[in-house]
Amino acid sequence: MAKFYKILTVWYQENKRDLPWRAKTDPYFVWVSEIILQQTRVEQGTAYFLRFIDLFPDVNSLAIAPENEVLKVWQGLGYYSRARNMHLAARQIMNEFGGVFPDTYINIVRLKGVGNYTAAAIASIAFGLPYAAVDGNVYRVLSRVYGISTPIDSTQGKKEFSDLANQLLDQQNPGLFNEALMEFGALQCVPKNPDCLRCPFQDQCIAFARNEIAMLPVKSKQIKVKKRFFNYLVVRHEGYFYLEKREENDIWRNLFQFPLIESSKALTIAELINDEKFTTLFKGNKIAIDSFSPEVLHVLTHQKLFVRFIEITIQNPEPDHSWIRIHPNEVAEYPIPKVIDNYLLSKSLNKLSQ
Ligand code: SF4
C-alpha cells in the first residue's frame, strides 16, 4: 500500500498540471471545480471555472444569484442539472449551515447534487479527511493495476473498488492521494493506448502483464441511445422573435429555446405544416415559411437529437402566450442550449429578425 502511494506521488510531483483550482484548498473552489469537471474535459472546464468564480466568488454570491444567471454561465457545458443543483446547494449552505461550507463528510454529502465521489473529493482536499474519491479515472487505474474485472457499474464493483481505494489511501495526505490518482488516470493510464512502457506501475500492473489493458475496466450495461427529432420554429414578427422556457423534467430544464415541435421521426416540410400541433399553434394567423434548415445532429450522452430550424414570419404577434417575444439584442440574457446558440452564431441576428 505504501509502495503504491510512493510511486503515485513521485509521478504526480513530476507530472501534475498547474490548474487554477489547485492554488487553494477552499472547499467552495474544490466543489465548483469538481462539479464542472464531471463529464467535462479539463481544457474546456478551466475557462468555465474561471468565469464561474469570477461571477460567483463565494457561496453567498451564488446563493443570491438568479437561476438564469447561473444557467447562462453554464451555457455550453451540458448536464444543466449540475448548475441547478449547485445553485440550490449554495442556498442550502446559507440556510442550514449559516453560510459556512460544511466540514464533515456526512454534511457535505447532504448537499444537493453532491454524491459520494464529490463529497470524498471535497472532504479530503479541503479538510484533509480520509475518504477515497473514486471517479472514472480511478476505476480505470485500479482495475488495470490490480487486474479487477468486476463491472464498475455493479453494486459489487462499486464496493470492491471503493474498499480498495480506501485501503490504498494515505491517511495523512488523503487529498494529495486522491488528486494524484485522478491525475494519473487522466494523463498516464488513459482509456486508449496508454504509454505503458513509460509507466511507473508497469512492473506491478496486472493488465499490462496479461495484455488486458483494452479490456479493463469492465462495464456491464450498455448505454441505450435514444433518437429524438426536434423541429424548432424560429417565429418572427416585425424585428422580434420568440423563445419559450423548457420546464418539463427533461434535458435542458429551465433553459430557453425556440418554440419546439418534437416528432417521432424526421418530418418533411409538408408533414410539419400538416402536423396537428403546427396547425393549432398558427390557427387564425397568416404565416409564411421562409426557410427549412438541413438536419443538424446534436449528440448527448444518452440521446441523439436530429434538429431542424424552420424560419416563419407571422402576421399577428404572440401566437402563444407562453412564448416570450424578444429582440435579437436581448438573446444574450437568456440561457440557451448549445445547438440553438450555434444556430444563432451561424446567422446574422439582424437577418434572424427580418
Ligand atoms: S502499465 Fe499501462 S495499464 Fe498499467 S497502470 Fe501503467 S499505463 Fe495503466
Side-chain angles (χ1 to χ4, degrees), residues 1-19 21-22 30 33-34 36-46 115-121 123-125 130-223 301:
M1 304 294 166
K3 190 178 166 201
F4 185 96
Y5 175 70
K6 189 146 189 262
I7 295 172
L8 181 66
T9 45
V10 168
W11 177 91
Y12 185 59
Q13 297 308 342
E14 287 169 3
N15 295 283
K16 73 173 174 182
R17 290 167 292 185
D18 189 15
L19 301 173
W21 48 89
R22 288 191 177 143
V30 177
S33 66
E34 288 298 336
I36 286 179
L37 290 181
Q38 287 166 18
Q39 319 279 352
T40 303
R41 284 175 296 110
V42 163
E43 298 74 39
Q44 188 195 14
T46 302
N116 293 339
Y117 160 75
T118 309
S124 62
I125 298 168
Y131 291 89
V134 185
D135 72 347
N137 289 317
V138 173
Y139 280 121
R140 187 166 59 254
V141 175
L142 297 185
S143 69
R144 288 173 174 173
V145 173
Y146 290 91
I148 304 169
S149 56
T150 315
I152 60 172
D153 51 352
S154 64
T155 310
Q156 192 197 339
K158 284 186 185 134
K159 183 172 183 323
E160 196 173 333
F161 283 98
S162 170
D163 288 351
L164 175 59
N166 277 298
Q167 280 168 35
L168 294 168
L169 185 76
D170 185 83
Q171 301 287 316
Q172 306 307 315
N173 302 292
L176 177 67
F177 174 90
N178 283 332
E179 285 193 288
L181 192 50
M182 291 188 270
E183 189 82 331
F184 185 80
L187 298 182
Q188 171 65 37
C189 192
V190 293
K192 284 191 184 146
N193 305 319
D195 187 359
C196 298
L197 297 179
R198 293 181 53 207
C199 175
F201 285 108
Q202 191 204 103
D203 287 350
Q204 61 199 93
C205 178
I206 293 176
F208 179 74
R210 295 180 184 160
N211 198 18
E212 290 178 351
I213 295 155
M215 289 171 234
L216 294 170
V218 172
K219 270 193 186 173
S220 57
K221 295 173 203 143
Q222 288 287 334
I223 294 176
T301 313

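Counting begins at 1 with the first residue of the sequence. One-based numbering, in listed order, for ligands and for the atoms of each.
- At most 12 non-hydrogen atoms from other residues, nucleotides or ligands lie less than 6.0 angstrom from CD of Gln156.
- When each of Asn173, Val10, Leu181, Leu168 is tested with Tyr5 by the rule side chain to side chain contact (heavy atoms under 4.5 Å, CB included), just one qualifies, namely Asn173.
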Checklist entry - Run the side-chain contact (heavy atoms from CB on, under 4.5 Å) check on Tyr117 and Val138 step by step: do they pass? => result CA-CA 11 Å; Tyr117 160 75; Val138 173; over 6 Å; no
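- Listing protein N, O or S atoms at distances below 2.8 Å from atom 4 (Fe) of ligand 1, with waters left out, gives Cys205 SG.
- Looking only at side-chain heavy atoms (C-beta outward), Glu34 and Trp21 stay at 4.5 Å or farther from each other.
- Close approach of ligand 1 to Gln188 is summarised as follows: ligand atoms under 4.0 Å from at least one heavy atom of the residue are 7 (S).
- Around CD of Gln13, the count of heavy atoms belonging to other residues, nucleotides or ligands within 6.0 Å exceeds 12.
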Which donor-acceptor pairs under 3.5 Å do side chains of residues 194-212 form with protein atoms, sequence neighbours excluded?
unit_1	atom_1	unit_2	atom_2	d
Gln202	NE2	Cys196	O	3.0
Gln202	NE2	Leu197	O	3.4

